[in-house]
Amino acid sequence: MLHKDVFEKLMSEEELAQTVSALAERISADYAGRELIVVGVLKGSVMFFADLFRRLTLDECQMDFMAASSYGSGAASSGKITLTKDITCNVIGRDVLIVEDILDTGNTLSYLRDYLLEKGAASVKICTLFDKPSRRKKPITADYTGRVVEDLFIVGYGLDYSEHYRNLPYVGVLKAEIYS
Ligand code: PRP
């Protein structure tokens, strides 16, 4: 982790906490009185997932995790999605919320949403901390979005560049010379 590679803080720890709390409040209101399976997409969503999940005020919510690979080790998405970890709970007839760190081309979330619906989920909604609509290749929108961002390379709070920077407690913009 090299803090000097990040030239601008996009969201501070305080801003992240406020954003996550607001999302948790909306989700808790929308699913009040219902059971919810909250599925985190590894690895990028781990910090967001942990902070969001503990703020949900639902009586009946379960956590599960999936992993999908799309970026490889560089900055450009290959477009091909590989499921590297499946959920373990039964989603048939259940409401599912997918939790992601970032919605970019939409390839990953389109694949995961369709996959969970095919498995028999009653509903599949999406919560993403960041959304980059300018990069979209699949017609998909999130039901809950923390913040819309420009086409900048952002890292920290779980988001990586070649597995670096995930441990930054804030979200920052990576200097272009690091990845170009
Ligand atoms: C990132 C991110 C999303 C996906 C978004 O995951 O966490 O899952 O890319 O991109 P898309 O909308 O273009 O599909 P990545 O494959 O880098 O894995 P990671 O979560 O382990 O960092």
Side-chain angles (χ1 to χ4, degrees), residues 1-3 5-6 10-11 13 15-16 19-20 23-24 27 37-53 63-88 91 96-119 121 124-176 178-180:
M1 180 200 64
L2 302 169
H3 288 244
D5 295 338
V6 176
L10 186 73
M11 285 184 88
E13 291 178 70
E15 288 169 321
L16 284 164
T19 299
V20 176
L23 288 170
I27 293 163
I37 299 177
V38 188
V39 176
V41 183
L42 301 173
K43 303 177 216 174
S45 75
V46 285
M47 315 299 186
F48 177 43
F49 182 96
D51 288 342
L52 182 78
F53 192 83
M63 64 165 73
D64 209 330
F65 297 94
M66 300 178 92
S69 171
S70 64
Y71 271 24
S73 60
S77 172
S78 66
K80 184 180 180 299
I81 304 300
T82 307
L83 191 67
T84 53
K85 185 206 173 316
D86 202 349
I87 48 168
T88 55
V91 295
V96 177
L97 178 70
I98 305 176
V99 174
E100 258 289 24
D101 54 329
I102 189 160
L103 174 52
D104 192 346
T105 64
N107 287 326
T108 305
L109 279 170
S110 292
Y111 177 90
L112 295 178
R113 181 191 57 186
D114 292 350
Y115 180 80
L116 290 167
L117 287 170
E118 278 169 25
K119 273 187 164 250
V124 178
K125 287 194 175 181
I126 290 165
C127 176
T128 187
L129 179 57
F130 295 106
D131 184 7
K132 276 188 188 175
S134 63
R135 299 249 311 157
R136 200 76 87 251
K137 290 185 177 157
K138 292 276 168 61
I140 186 165
T141 53
D143 300 281
Y144 306 94
T145 300
R147 181 160 169 174
V148 174
V149 291
E150 295 170 44
D151 189 12
L152 299 166
F153 208 110
I154 57 174
V155 294
Y157 194 62
L159 288 101
D160 76 311
Y161 170 63
S162 293
E163 297 299 328
H164 296 292
Y165 311 104
R166 291 195 200 272
N167 56 327
L168 289 178
Y170 57 87
V171 173
V173 180
L174 195 62
K175 286 180 181 174
I178 303 298
Y179 60 87
S180 57

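Remember, it's a predicted structure, so these values are computed and weren't measured experimentally. All ligand and atom numbering here is 1-based and tracks the order in the structure.
For the side-chain hydrogen bond (donor to acceptor under 3.5 Å, both in side chains) criterion with R136, the lone passing option out of D131, T105, N107 is D131.
The distance criterion of under 3.5 Å between nitrogen or oxygen atoms is met by G106 with respect to ligand 1. Considering backbone and side-chain atoms together, K43 places an N or O closer than 3.5 Å to an N or O of ligand 1. Taking distance alone, with nitrogen or oxygen atoms compared against 3.5 Å, I81 stays at or beyond that limit from ligand 1. Among the atoms of E100, some N or O lies under 3.5 angstrom from an N or O of ligand 1.
A donor and an acceptor atom, one from each side chain of D101 and Y157, are nowhere located under 3.5 Å apart.
Interface of L42 with ligand 1, defined as ligand atoms under 4.0 Å from a residue heavy atom, comprises 20 (O), 21 (O). Near D160, meaning under 4.0 Å from any of its heavy atoms, are these atoms of ligand 1: 22 (O). If you number the atoms of ligand 1 from 1 as listed, the ones under 4.0 Å from a heavy atom of I102 come out as 2 (C), 3 (C), 5 (C).
Atom CD1 of residue I126 and atom OG1 of residue T145 lie 9.5 Å apart, to the nearest 0.5 angstrom. The line from CZ of R147 to CG of L10 is 4.5 Å long, rounded to the nearest 0.5 Å.
For D114 and K138, the salt-bridge test fails: no basic side-chain N is under 4.0 Å from an acidic carboxylate O.
The residue from D101, T82, I98 that puts a heavy atom closest to atom 7 (O) of ligand 1 is D101.
Aromatic ring centroids of F153 and Y161 lie under 6.0 Å apart.
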